[in-house]
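Here the structure comes first, spelled out in structure tokens, and everything after it is commentary.
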Amino acid sequence: MQLLLIHSDYIEYEVKKSTPVAEKIEESFKTGRLEEALTAFMAVEKADESDIDGIINKAVGEIRNVAGQVKAANIMLYPYAHLSSDLSSPKAAVAVLKGVEEALSGDYTVKRAPFGWYKAFRISCKGHPLSELSRSIVPEGKPAACGEPVVCQEEKEEVVSEALKAESTARSYWHILTPDGELHDTKGFDFTGHENLQKFVNYEISKQRAVERAPPHVELMRRLEIADYEPGSDSGNMRYYPKGRLIKSLLEEFVLEESYKVGAMEVETPLMYDMNHPTLKKYLDRFPARQYSIESDKRHMFLRFAACFGQFLMNHDMTISYKSLPMKMIEMTRYSFRKEQRGELVGLRRLRAFTMPDMHSLCTDMQQAVEQFDAQYNMCISVLDKVGIKVDDFEVAVRFTRDFYNDNRDFITNLARTVKKPVLVEMWDTRFFYFVLKFEFNFVDALAKASALSTVQIDVENAERYDINYIDTDGVAKKPVILHCSPSGAIERCIYGLLEKEAMRTENGGVPMLPVWLSPTQVRVIPISDKHMGFAQQIADQLQCRVDIDDREDTVGKKVREAAREWIPYIVVIGDKEAETGNINVTLRAESQPEKPKKVEMTPEQLNARILSETSGMPYKGLPLAKMLSARPKFL
RNA sequence: GCCUCUGUGGCUUAGCGGUAUAGCGGCUGAUUCGUAAUCAGCAGGUCGGGGGUUCAAAUCCCCCCGGAGGCUCCA
């Protein structure tokens with residue numbers, strides 16, 4: 001049932017004309033007026049028919065509740081079909097209306113407008129915050145017994161897509177595909193040597209997901225001053241400190257550069273779209289995600305969960321020749337929004353606002369699409385590798401329809417061959433989503449939780465839906481096949497992956513660190529006393545990387561300890577010896593073991609060359625914080 | 001959204017019916033120091049918010065908010 005409650009100075013109505021479903025009424029019932037009334041506009045819906053008494057109970061509870069809050073003694077019940085597009089039978093509606101009227105009439109002055117008549121009405125709304133409320137009431141499995149507290153569900157402005165609903169009924173066939181092309185049953189498969197895949201399979205199929213502690217990256221993201229929760233925002237919307245922003249910028253820039261290399265054009269598209277746009281509405285129903293929705297004037301908008309809409313709407317308006325295909329567009333979506341359920345949010349693993357590189361490729365036909373899929377599969381492997389997430393750190397899932405598999409067996413086997421290890425396969429008899437083939441690289445974390453990073457999908461639906469065309473060699477407009485690709489997956493999730501990987505390294509007795517190109521401070525220079533500051537400065541100036549100087553009044557031991565806690569790759573201590581020889585003593589984190597720092601004497605030039613070669617080809621940005629540690633604020 | 005757990009100065013935390021403990025960090029002073037924490041002093045808390053029980057609540061109860069885990073879901 002849909003309820004619209006208006007606290008009014010008065011409400012009056014007058015019957016004009018009967019409709020085919022009109023109830024028979026007395027002459028006196030044809031007009032009505034009530035002063036200082038709470039008016040309840042009601043629409044009884046199909047779903048309510050299963051539990052008429054329960055619905056009456058809930059509606060009465062809700063009306064009583066609001067009437068109590070606004071201190072209304074008079075109640076007007078007003079049947080109002082326009083609140084719903086899924087109305088119940090007239091018989092059920094009248095039964096509910098009468099039931100509600102009867103239940104309320106003991107404690108309030110209740111009037112009811114007749115059902116099934118065209119009516120004219122005048123209402124004067126009081127306009128205070130509680131004076132206009134809407135409620136959506138749904139029946140429960142069983143009717144609420146009398147006297148039980150009645151729980152009313154408030155109207156949620158959440159759109160649950162058809163795809164989410166479809167997914168729950170989709171029948172999946174799970175297999176393990178080995179590089180030799182064999183499809184194995186997941187049950188009998190020998191996972192020896194593929195323990196991570198086993199964890200991933202358990203996570204995906206057996207749903208073994210119980211863990212007893214928070215994921216380690218949550219503490220790390222805070223301790224390293226990367227990111228933090230922001231209680232002043234919605235859950236899953238994080239704040240990023242300067243170091244976190246630097247890491248994100250570098251990753252964003254890197255992924256964009258890699259996509260330029262394969263010919264992608266960078267674009268920017270709006271964050272919010274009209275919920276009632278005909279094309280978008282249909283697309284929402286095919287994507288399994290929940291949206292944030294917001295009001296803009298009279299329009300009902302939603303925040304984008306990817307860059308698809310913006311790019312597709314742009315593609316629709318373009319003139320595209322076959323000569324331009326495959327044609328790629330990318331946007332670094334800051335942000336994509338998904339209103340994930342509260343319990344699904346964890347640290348940087350799953351967010352409601354996240355940065356996702358979203359690339360779309362228009363292809364002439366399925367053959368070109370498959371070629372592109374293969375190229376982008378390899379590109380994703382390379383992107384993650386350079387980010388610091390290796391093939392051994394993730395497990396591959398490939399999902400497709402049975403038809404696609406039968407037409408492309410060799411091609412799919414090749415995907416397993418490329419990564420040289422078995423992959424998880426999910427096959428569907430029929431196509432539930434907009435794609436016929438997709439893969440994801442799933443990072444398996446310290447607690448055996450899996451989450452998707454890179455992904456590519458072959459979309460066979462949206463060219464039609466958005467009316468996207470290209471002109472082929474014969475001069476005829478044709479619909480392209482579209483690839484969706486996120487080369488790295490969400491940027492925040494890459495950081496999560498790196499932190500989790502290092503947490504696992506720590507547990508296995510290693511020394512954790514970020515790749516040098518992503519380390520906020522690459523070299524920390526520590527002068528032993530004030531008199532060494534000059535030389536320390538000189539060394540810092542010689543190095544072409546992110547160098548800072550710990551000029552605080554602390555002991556060398558303490559400064560080194562803090563530098564190590566920050567995972568700084570290179571620590572240089574400057575004292576009399578260095579000032580004399582000109583050589584520097586460098587602690588190399590990458591070659592150290594716990595309690596056993598690896599210290600090497602080298603020239604500043606050698607250190608510089610080493611860092612330049614380690615970071616060559618990767619984006620660079622300057623220090624995100626003051627060079628002198630004494631001038632730095634603490635974020636936590 | 002539902003279920004379970006949780007919330008004490010900037011951070012970590014003791015206390016779990018008699019208005020609060022310590023460490024780190026911060027500030028001040030001393031120390032100018034050779035690789036995982038130099039010494040001393042000072043400041044800082046209406047114990048997440050609101051309501052209730054009680055002579056008395058950080059401690060018990062209820063509601064709300066944040067966080068973690070589960071269901072579910074994904075980049």
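Below, read A as the first sequence line, B as the second, and so on, with proteins coming before strands; counting in each chain starts at 1.
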If you write RNA chain B from 5' to 3' in dot-bracket form, with Watson-Crick or G-U pairs under 3.5 Å, [ ] for crossing pairs and | for pairs with another strand, what do you get?
((((((((.[[[..)..(...]]].(((((.......))))).....[[[[[..)....]]]]])))))))....

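- With a 6.0 Å cutoff to the six-membered ring centre and a 45° limit on the axis angle, K449(A) does not count as a cation-pi contact of Y203(A).
- Of the candidate nucleotides rC33(B), rC74(B), rG1(B), rC33(B) has the atom lying nearest to any side-chain atom of S529(A).
- Taking R304(A) as the reference, E331(A) meet the salt bridge (charged side-chain N to carboxylate O under 4.0 Å, His left out) condition, with sequence neighbours excluded.
- Side-chain contact annotation: E426(A) with Y173(A), donor-acceptor N/O pair under 3.5 Å absent.
- With rU32(B), rU72(B), rC74(B) as the candidates, the nucleotide lying closest to the side chain of Q341(A) is rU72(B).
- With P as the reference atom, rU4(B) and rC64(B) are 13 Å apart, rounded to whole Å.
- In this structure, K531(A) places its NZ atom 10 Å from P of rU32(B), rounding to the nearest Å.
- In this entry the distance linking CD of E492(A) with P of rC74(B) reads 19 Å, nearest Å.
- Between the P atom of rG66(B) and the CZ atom of R239(A) lies a distance of 15 Å, rounded to the nearest Å.
- Going from atom OH of Y203(A) over to atom C1' of rG70(B) covers 11 Å, rounded to whole Å.
- As rounded to the nearest Å, rA14(B) and rG50(B) have C1' atoms that lie 27 Å from one another.
- The residue V218(A) sits apart from the nucleic acid: no heavy atom pair falls under 4.0 Å.
- In this structure, the CD atom of E230(A) is 15 Å from the C1' atom of rG10(B), given to the nearest Å.
- With sequence neighbours excluded, no residue satisfies salt bridge (charged side-chain N to carboxylate O under 4.0 Å, His left out) with R349(A).
- Residues Y434(A) and N462(A) bring no donor and acceptor atom of their side chains to less than 3.5 Å of each other.
- Taking F441(A) as the reference, Y377(A), F394(A), F439(A) meet the ring pair (Phe, Tyr, Trp, His ring centres under 6.0 Å) condition, with sequence neighbours excluded.
- The interatomic distance linking D550(A) (CG) with rC33(B) (C1') rounds to 13 Å, in whole Å.
- Using P as the reference atom, rU19(B) and rC33(B) are 49 Å apart when rounded to the nearest Å.
- A heavy atom closer than 4.0 Å to some atom of RNA chain B occurs in no member of residues 388-399 of chain A.
- Checked by atom type, the side-chain pair Q457(A)/D459(A) shows no donor-acceptor distance below 3.5 Å.
- With no hydrogens or angles considered, a side-chain donor-acceptor pair links D551(A) and S630(A) at under 3.5 Å.
- Rounded to the nearest Å, the gap between the C1' atom of rA58(B) and that of rU13(B) is 14 Å.
- Across rU53(B) and rC62(B), the matching C1' atoms stand 11 Å from one another, rounded to whole Å.
- On a pure distance criterion of 3.5 Å, no polar donor-acceptor pair joins the side chain of R222(A) and the base of rC11(B).
- Taking atom P on both rU21(B) and rG45(B), the two are 14 Å apart, rounded to the nearest angstrom.
- Side chains of H532(A) and D576(A): a donor on one and an acceptor on the other come within 3.5 Å.
- When the P atom is used for both rU38(B) and rC3(B), the distance is 50 Å, rounded to whole Å.
- The six-membered or imidazole ring of F373(A) lies away from that of H484(A), with a centre-to-centre distance of 6.0 Å or more.
- Computed from coordinates, the E219(A) CD to rG67(B) C1' distance equals 15 Å when rounded to whole Å.
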What does the list of N/O pairs under 3.5 Å between the protein and nucleotides 34-38 of chain B look like, with a distance for each?
unit_1	atom_1	unit_2	atom_2	d
rG34(B)	O6	D576(A)	N	2.9
rG34(B)	O6	K577(A)	N	2.7
rG34(B)	N1	E578(A)	OE1	2.9
rG34(B)	N2	E578(A)	OE2	3.0
rA37(B)	N7	R561(A)	NE	3.3
rA37(B)	N7	R561(A)	NH2	3.3
rA37(B)	N6	R561(A)	NH2	2.8
rA37(B)	N1	R561(A)	NH1	3.3
rU38(B)	OP1	T555(A)	OG1	3.3
rU38(B)	OP2	T555(A)	OG1	2.7

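- Here F200(A) and F443(A) keep their ring centres 6.0 angstrom or further from each other.
- Taking the ring centroids of F354(A) and Y335(A), they lie at or beyond the 6.0 Å cut-off.
- Taking atom P on both rG1(B) and rC63(B), the two are 16 Å apart, rounded to the nearest angstrom.
- Along RNA chain B, the nucleotide closest to A452(A) and the one closest to K634(A) are compared, and the more 5′ of them pairs with K634(A).
- Using a 4.0 Å heavy-atom criterion, one finds that K596(A) contacts no nucleic acid atom at all.
- Using a 4.0 Å heavy-atom distance criterion, S235(A) is classed as a sugar-phosphate-only contact.
- Projected onto RNA chain B by closest heavy-atom contact, L345(A) and A450(A) fall at different nucleotides, the more 5' of which corresponds to L345(A).
- Spacing between atom NZ of K559(A) and atom P of rU32(B) amounts to 14 Å, rounded to whole angstrom units.
- A donor and an acceptor atom, one from each side chain of K328(A) and Q372(A), are located under 3.5 Å apart.
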